[in-house]
Amino acid sequence: MSSTVTAQAPQPCIPTDSGPVVPTTPLVTFLERLQETALKTYGHKNFDPKLYVDLSSKFNLSTTQEAFDKLARSDNGSVSVSDLNGYIENYFNGVEDDLVYVEPVDFEAEPKGFLPKVLNPEVRAWALEVHSLWKNLSRRVSDGVLEQSDLHTLLPLPKPVMIPGSRFREVYYWDSYWVIRGLLASKMHETAKGIVINLISLVNEFGFVLNGARAYYTNRSQPPLLSAMVYDVFNRTGDMELVKKSLPALLKEHDFWNSGLHKVIIQDAQGSSHTLSRYYAFWNEPRPESSVTDKETASKLTNVCGKTQLYRELASTAESGWDFSTRWMRNASDLTTLASTLILPVDLNAYILKMELDIAFLANVIGESSIAARLMEASQARQKAMNSVFWNEEMGQWLDYWLQNDSKCKDAYLWEASNQNQNAYASNFIPLWIFNSDNMLVEKVAKSLQNSGLLQPAGIATSMLNSGQQWDFPNGWAPLQHLIVEGLVRSGSEEARSMAEDIAVRWIRTNYVAYMKTGAMHEKYDVQKCGEFGGGVANMYP
């Protein structure tokens, strides 16, 4: 008796994703094919999918693609290792070639006034050693990218950049805020201004700051901190021209986060309507930089509609900067249950509130009083919305809010207390960065943080759930430590300031000990113990 195996037909489904999609470039689409062939050829061990979409072609795309299509393939689509190695060498430039080293114009080995309060000689020597890394990370976009951008996925930028290092060979949006804070501490004001100008150029071209300066990132942004960068650079330099140059881009970015599918209206228990924002990527296919990984994740789902929605959620979670975390998942053990587009995030709205306050301040500086008044009014409305939708008096925290379709009435969602996510996440405390003038509130939130379990021996944990995802326990991340510490220290409460100093000391100590052991700064640390860096992909900035 013989048997035949037939391919399972896709299950019928009702599409749930109807959001916008920003198409990528033909080169990116082709490089995804190369990425898939490379995985079949080289195997999973030490495979980095991003490597292949970062390649630039030596020839026009049709020539490169024609040669690829002529490679001899086995039944599973792989080619011989030697053939693929030869093809990549013959038709592509090295991934490092799109950026060339450039000496920072304002770097000094020991700048005047550098960290004047750091007196311990060992710690000061370490700080100067870390400061010296700016020279290692400084790049400019190569002439090849500027002259033939269609052969590259790296986007042309007008000014020098600071790259994160390791496998990340491009500028990233929200990372740039802390790059600028570091550059200002290092007295590298011109380099800091250049980074702002680069990000403004992205807003001018695309309407928002991209996740990163690659052609495959044009469908999503990241936590919006451009206004904070401009504000901090202006406060240090008094550069009025930079403010004038920045204001139109900041207003454009504000509109991006407060329109279309980023904008959500919610009606509170008293019947008042509020407008808040969410993450929502303009993409519903596998992310090119991790296409094979996303397809593997989606393979657990049985129908096309579910996969399409998952791809939207994966990209939208990447827009949050928290990729990935149980914070965005219905089921903490199943990545296919991501639902980021159905969440109003506390931290995103805190960043946009900061944006509104920054724009109002900067507009006043250059005499644009009507813009300042409009943005101040917007900030007051958002503050009221955050207190109505996110604040939980009993817990003393601001909590993410989950949107439920069955609670939607016409164009607004109806607020229900049960839809607040009561799990402890560091993001619940990010509004301290802005809401730090009311000492009673700050002390209540500080006490809540102390009792949450998040405060660990080496810093603040991202969550209390150990899921294996990198934005969960036991990992701690520098941006979250900084925003919470800065909020506490800016308050008038001695209790809060003391807590801020304690957290800062824990965090700096673990960075110092890990650096002495490994010779590198790491993007995340295991906050359970001093000097241990965190787990996950790409955990080191050399």
Side-chain angles (χ1 to χ4, degrees), residues 114-120 123-124 126-127 130 174 177-178 180-182 184-185 223 225 228-229 231-232 235-236 346-347 350-351 353-354 357-358 386 390-391 395-399 424-464 473-515 521-531 534:
F114 178 71
L115 300 180
K117 295 181 181 179
V118 178
L119 303 177
N120 180 295
V123 176
R124 188 166 185 80
W126 171 55
V130 172
W174 78 315
Y177 176 66
W178 287 277
I180 282 178
R181 290 294 295 260
L184 293 176
L225 292 168
M229 301 180 214
Y231 179 91
D232 286 348
N235 274 349
R236 195 64 61 89
V346 165
D347 48 356
Y351 301 141
L353 174 56
K354 177 74 163 63
L357 294 168
D358 290 340
M386 290 178 68
F390 297 140
W391 177 248
M395 291 180 65
Q397 300 175 26
W398 294 270
L399 305 176
Y425 292 98
S427 50
N428 298 1
F429 301 92
I430 296 299
L432 280 172
W433 197 37
I434 299 106
F435 298 138
N436 48 47
S437 58
D438 181 340
N439 283 357
M440 285 184 63
L441 174 68
V442 170
E443 288 177 3
K444 181 182 180 73
V445 177
K447 185 178 179 182
S448 179
L449 175 59
Q450 188 76 57
N451 296 333
S452 67
L454 291 170
L455 189 51
Q456 294 286 313
I460 301 169
T462 309
S463 80
M464 291 307 297
F473 190 88
N475 287 341
W477 292 77
L480 308 181
Q481 319 295 316
H482 173 252
L483 295 174
I484 293 170
V485 165
E486 192 159 85
L488 291 168
V489 86
R490 283 176 175 171
S491 75
S493 163
E494 286 303 317
E495 182 184 317
R497 289 178 177 178
S498 175
M499 185 181 196
E501 183 176 352
D502 175 54
I503 297 167
V505 168
R506 294 181 195 206
W507 185 253
I508 292 168
R509 183 180 289 125
T510 200
N511 279 254
Y512 176 80
V513 172
Y515 189 89
M521 298 296 293
H522 301 262
E523 67 174 3
K524 54 187 174 286
Y525 292 83
D526 180 341
V527 293
Q528 295 174 107
K529 44 201 168 184
C530 185

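Here the CD-CG distance, from Q397 to L454, works out to 7.5 Å after rounding to the nearest 0.5 Å. Here the CG atom belonging to L441 is positioned 9.5 Å from the CG atom belonging to N436, to the nearest 0.5 angstrom. Rounding to the nearest 0.5 angstrom, the gap separating the CZ atom in F435 from the CZ atom in F429 is 14.5 Å. Between the CG atom in N475 and the CD atom in E523 there is a gap of 9.0 Å [rounded to 0.5 Å].
Y177 places a side-chain heavy atom less than 4.5 Å from the side chain of D232. Annotation: side chain of Y525 is not in contact with side chain of Q481 (no heavy-atom distance under 4.5 Å). Considering only heavy atoms from C-beta on, L353 stays 4.5 Å or farther from W433 through its side chain. At least one side-chain heavy atom of I503 sits under 4.5 Å from a side-chain heavy atom of I460. A 4.5 Å side-chain heavy-atom check between L483 and Y351 finds at least one atom pair inside the cut-off. R124 has its side chain out of reach of L119: every pair of non-hydrogen atoms, C-beta onward, lies at least 4.5 Å apart. The shortest distance between side-chain heavy atoms of T462 and L480 falls below 4.5 Å. Counting heavy atoms from C-beta outward, M521 and N511 have side chains that approach closer than 4.5 Å.
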Inset, instruction - Would you sort out whether W391 and M386 count as a side chain to side chain contact (heavy atoms under 4.5 Å, CB included), showing the intermediate values? - result: CA-CA 7 Å; W391 177 248; M386 290 178 68; over 6 Å; no
Inset, instruction - With side chain to side chain contact (heavy atoms under 4.5 Å, CB included) as the test, would you mind laying out the steps for N428 and F390 before giving the verdict? - result: CA-CA 9 Å; N428 298 1; F390 297 140; over 6 Å; no
Legend entry - I430 vs I484, side chain to side chain contact (heavy atoms under 4.5 Å, CB included): CA-CA, chis, key distance, verdict: CA-CA 6 Å; I430 296 299; I484 293 170; 4.1 Å; yes
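Taking every heavy atom of both residues into account, A424 and S452 meet most closely at CB-O, 4.2 Å. For the pair A461 and Q456, the tightest heavy-atom approach, listed with the atom from each and the gap, is CB-CG, 4.2 Å. Closest non-hydrogen pair, A500 versus L488, comes out as CB-CB, 3.7 Å. Between D526 and Q528, the shortest heavy-atom contact is OD1-N, 3.0 Å. Nearest approach of K529 to T510, heavy atoms of both residues: O-OG1, 3.9 Å. Of all the heavy atoms in S493 and E443, the pair that sits closest is OG-OE2, 2.8 Å.
Of the possible polar contacts, one joining the N439 side chain to the G492 backbone as a donor-acceptor pair under 3.5 Å is found. In this structure a side-chain-to-backbone donor-acceptor pair under 3.5 Å is missing from S463 to Y425. Using a distance-only test at 3.5 Å, with no hydrogens or angles considered, a donor-acceptor pair links the side chain of N451 to the main chain of K447. When atom types are taken as modelled, the side chain of S498 and the backbone of E495 share no donor-acceptor pair closer than 3.5 angstrom. One N or O on the side chain of R236 and one on the backbone of L184 form a donor-acceptor pair closer than 3.5 Å. Not one N or O on the side chain of R509 forms a donor-acceptor pair closer than 3.5 Å with the backbone of A458.
The 12-atom threshold is exceeded at NZ of K444, counting heavy atoms of other residues, nucleotides or ligands nearer than 6.0 Å.
Between R506 and D502, at least one side-chain nitrogen of the basic residue sits less than 4.0 Å from a carboxylate oxygen of the acidic one, meeting the salt-bridge criterion.
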